[in-house]
Amino acid sequence: MSEAEIGLIGLGTMGSNLALNIAEKGHKIAVWNRTASRTKTFAGNAGELAGNIMACETLEDLLQAIEPPRPVILMVPAGDPVDQQIEALLPLAGKGDIIIDAGNANFRDTERRAQELEGSGIVLVGMGVSGGEDGARNGPSIMVGSDKAAWLRVEGIFNDIAARYEGEPCAARLGPGGAGHFVKTVHNGIEYADMQMIAEVYGILRDGPGLSAEEIGSIFARWNDGRLNSYLIEITAEVLATADPDSSVPLVDVIQDKAGQKGTGRWSVIEAAMLGVPATCIEAAVAARSLSSLKKEREFASRRYPQITRQQPGSTAALVAELETALLAGKIAAYAQGFAIMRAASDEHGWDLPMATIARIWRAGCIIRSQLLDSIAKAYDAKPKTTNLMVAPAFVDMMQPAHLALRVTVGRAALHGLPTPALSAALAYFDSYRQARGTANLIQGQRDFFGAHGFEKIGSRGQKHGPWSARAGKK
Ligand code: NDP
């Protein structure tokens, strides 16, 4: 009995919701979970969608339930569980079957797995899914790396379940092999930077004029109606407005200030460093999460270096307006870095990543969805080889006034001892990027002094060395 169009392994948060989404769109799906009780509970709770769900007790049953060539989604934790599941599927799968790893895999693992499967007749698709639980259930953004034939086989299902932006599905094949997982990784890297900058602005409003969580929440809610319109701003407003059910104080005031992280932010930074692309906003965000977890050390240090006496800011209304614009400038710098990482990776791996398409499929469904992504898509449509978003005409128009607000924000925060690592990184990146004559001439002089590394001299060709003193070369 092979009725299902697709199979799914791993009925956790993401898998169960993705399966319901697929069933709801009229596709028959076979599901299996390592812990059998979870499969039973899932099927039992599927309600009117149960008719499209085939709950399987064994992996053999799962594969028999799907019509060949059989696509099987893996929605299990990244790393060893994916390797274990592929190994378990191999003896049961046949030529043309498609294993779709939809977890947050490191793209290097996806490339390795695709290579290991070469010649077996079984194809690996690396699929990044964003949108969390709600996205999986009601429409995620889907970033695919695969060969074209495998994508053609499953495209219909994924287009049906993806989020839509003005009717267009937010799902696309972006390149071969690990391309989809790479794009998902950078998506998360940008997400780290976006969230960190929002948190920094919250900190300025909380610790500067001393606004309450509710007051800051209503500022974010207002911003969500303007240029900063985005999912992250929207949920920030909601988080700030939520009360603790136990004490009825704002919930955010009783949440420990220690942020977790799983790996995609760090991977973005590592890949950027290996590609030689500055990703300072993402780096600052990753480092800020690490620093946040050093709670005891921070508490100790805070007693050694008490808070700087704060000057009263001018009007709160003026501060709020300035922060809104500063956040926009920071966000543009972070996105510019993210897209620059993808561009470099595309060249390095020969993926030919479609930048405009990436921006388009991020406009709905995913965590970083925002109004800005529509402008990014348009910028790449107009000039697909845009080197850096900050020099695309529409973004120059936005950055010209916005960087002034970013400058004032970072400067004032520094004077008041309020940390703004990601916003500061954005400003430093912007200022370094727009500097026609930088200071690396001195670095080259130093390098040549101690290591005879040579330098290029303005107006002449070839490597030169300086007439340094007798101390040169002695480290
Ligand atoms: P959950 O922890 O909710 O579920 C994990 C599922 O994987 C469970 O069904 C579990 O089965 C199964 N599983 C765990 N280990 C193994 C194993 N060794 N072999 C077979 N099955 C195993 O995870 P999520 O649904 O949150 O995440 C799944 C993937 O999706 C991850 O890669 C995650 O990074 C990614 N992701 C998560 C998002 C989110 O918002 N949660 C967003 C986007 C991507 P069992 O019941 O037996 O424990």
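Computed from a predicted structure; not experimentally measured. Just follow the structure's listing: the first ligand is 1, and inside any ligand the first atom is 1.
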Exercise. Cut-off 3.5 Å, side chains only: do Gln115 and Glu111 have a donor facing an acceptor?
Worked result: no
Exercise. Any idea which protein heavy atom is nearest atom 23 (O) of ligand 1, and the distance to it?
Worked result: Thr13 N, 4.6 Å
Exercise. In terms of atom number and element, which parts of ligand 1 are under 4.0 angstrom from non-hydrogen atoms of Gly10?
Worked result: 9 (O)
For this session: Taking only heavy atoms of Leu11 into account, list the atoms of ligand 1 that are under 4.0 Å away from them.
Result: 9 (O)
For this session: Tell me, with the steps shown, if Thr387 and Arg343 meet side chain to side chain donor-acceptor pair (under 3.5 Å).
Result: CA-CA 8 Å; Thr387 47; Arg343 192 188 160 79; over 6 Å; no
Exercise. How does Val129 reach ligand 1, if at all, at less than 4.0 Å between non-hydrogen atoms: by side chain, backbone, both, or neither?
Worked result: backbone
Seminar exercise, completed: One finds that the ligand 1 atoms under 4.0 Å from a non-hydrogen atom of Gly103 are 29 (C), 30 (O), 32 (O)
Problem set entry | Distance from atom 18 (N) of ligand 1 to nearest protein heavy atom, with residue and atom | Gln84 OE1, 3.0 Å
Exercise. Under 4.0 Å between a Lys/Arg side-chain N and an Asp/Glu carboxylate O for Arg112 and Asp83?
Worked result: yes
Exercise. Nearest heavy atom to atom 19 (N) of ligand 1: which of Glu133, Gln85, Met14 does it belong to?
Worked result: Gln85
For this session: Report, in ascending order of atom number, the atoms of ligand 1 lying under 4.0 Å from any heavy atom of Ala78.
Result: 32 (O)
For this session: Keeping the roles fixed (side chain from Asn52, backbone from Ala23), state whether a donor-acceptor pair exists under 3.5 Å.
Result: yes
Problem set entry | Polar atom proximity, Ala102 to ligand 1 (N or O, under 3.5 Å) | no
Exercise. Nearest protein heavy-atom contact for atom 4 (O) of ligand 1: which residue, which atom, what distance?
Worked result: Gly12 CA, 3.3 Å
Problem set entry | Atoms of ligand 1 close to Asn33 [distance to a heavy atom under 4.0 angstrom, numbered from 1] | 8 (C), 9 (O), 11 (O), 45 (P), 46 (O), 47 (O)
Problem set entry | Closest candidate by heavy atom, reference atom 22 (C) of ligand 1, pool Val76, Thr264, Thr41, Thr39 | Val76
Exercise. Going through the distances and angles, do Ile53 and Phe42 end up as a side chain to side chain contact (heavy atoms under 4.5 Å, CB included)?
Worked result: CA-CA 10 Å; Ile53 292 170; Phe42 171 75; 3.9 Å; yes
Problem set entry | Arg289 NZ/CZ over Tyr192 ring centroid, <6.0 Å and within 45° of normal | yes
Exercise. Just going by heavy-atom distances, which of Met75, His187, Arg34, Met127 is nearest to atom 6 (C) of ligand 1?
Worked result: Met75
Exercise. Do Glu299 and Ser302 get their side chains close enough for a donor-acceptor pair, meaning under 3.5 Å?
Worked result: no
Exercise. So, Arg108 and Glu271, do they make that salt bridge, N to O below 4.0 Å?
Worked result: yes
For this session: Take every heavy atom of Pro77, measure it against each atom of ligand 1, and state whether any distance is under 4.0 Å.
Result: yes
Problem set entry | Any donor-acceptor pair under 3.5 Å from Ser141 side chain to Ile361 backbone | yes
For this session: Mark yes when over 12 heavy atoms from residues, nucleotides or ligands other than Glu57 sit less than 6.0 Å from its CD; otherwise mark no.
Result: no
Exercise. Taking the six-membered ring for Trp, are Phe339 and Tyr380 ring centroids under 6.0 Å apart?
Worked result: yes
For this session: Assess Lys262 for proximity to ligand 1: is some non-hydrogen atom of it under 4.0 Å away?
Result: no
Exercise. Right, does atom 47 (O) of ligand 1 have protein non-hydrogen atoms nearer than 4.0 Å?
Worked result: yes
Problem set entry | Distance from atom 44 (C) of ligand 1 to nearest protein heavy atom, with residue and atom | Asn104 ND2, 3.6 Å
Exercise. Side chain, backbone, both or neither: which part of Lys184 comes within less than 4.0 Å of ligand 1 when only heavy atoms are counted?
Worked result: side chain
For this session: Mind checking whether Thr35 contacts ligand 1 via backbone (N, CA, C, O), side chain (CB onward), both or neither, at a 4.0 Å heavy-atom cut-off?
Result: both
For this session: Please confirm whether Phe107 and Trp351 have ring centers closer than 6.0 angstrom.
Result: yes
Problem set entry | Element-labelled atoms of ligand 1 that are located less than 4.0 Å from some non-hydrogen atom of Gly132 | 40 (O)
Exercise. So which heavy atom in the protein is nearest atom 8 (C) of ligand 1, and how far is it from that ligand atom?
Worked result: Arg38 NH1, 3.1 Å
Seminar exercise, completed: Nearest heavy-atom contact between Thr39 and Cys56 is CG2-O, 3.9 Å
